Amino acid sequence: MFQGYGSVRELPPEHLELWDTLRLARGASYLGWAAAREGQDDALFIFENVLPLVLRLAADYAKDSPTLISETVSTTDALLARRFATVGR
């Protein structure tokens, strides 16, 4: 993807460094959108399919910044378990 974009416009390295942060932010925006539409089919799709991906992104992101999240909750499964224990399935 980046090669294709780079063939049209130069992409500075500092912009590439932001890619993981931007993906996580975009994923969080999808979750917020779905939370406001709980019970709708498209919201259910997001909770079932996008939530695990966003949690994995968040866990990976947190590994690079250990102050962002407790070391005891560093896996997708642990994050999902916490989410389900807090707000249900």
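Just so we're clear, the structure is a prediction, and the values are computed from it rather than from any experiment.
Hydrophobic clustering of Ile, Leu, Val, Met, Phe, Trp and Tyr side chains at less than 4.5 Å, counting indirect connections, keeps Leu53 apart from Leu55. Linking ILVMFWY side-chain heavy atoms closer than 4.5 Å, directly or via other members, places Leu31 and Leu44 in two distinct hydrophobic clusters.
Each side chain to side chain donor-acceptor pair (under 3.5 Å) pair with one or both residues in residues 46-59, not counting sequence neighbours, would appear here, but there are none. The ring-ring contact (aromatic ring centres under 6.0 Å, His included) contacts involving residues 5-29 comprise Phe2-Trp19, where partners must be two or more places apart or lie in separate chains.
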Give the table of side-chain donor-acceptor pairs shorter than 3.5 Å for residues 22-29, with sequence neighbours excluded, one pair per line with atom names and distance.
| residue | atom | partner | partner atom | Å |
| --- | --- | --- | --- | --- |
| Arg26 | NH2 | Tyr30 | OH | 3.3 |
| Ser29 | OG | Arg26 | O | 2.6 |

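Rounded to the nearest 0.5 angstrom, Arg37 CZ and Phe47 CZ are separated by 10.5 Å. For the atom pair Ile46 CD1 and Leu51 CG, the distance stands at 10.5 Å (nearest 0.5 Å).
Looking at every heavy atom in both residues, Ala34 comes nearest to Ala43 through O-CB, 3.5 Å.
Counting non-hydrogen atoms of neighbouring residues, nucleotides and ligands closer than 6.0 angstrom, the CD atom of Glu14 exceeds 12 such neighbours.
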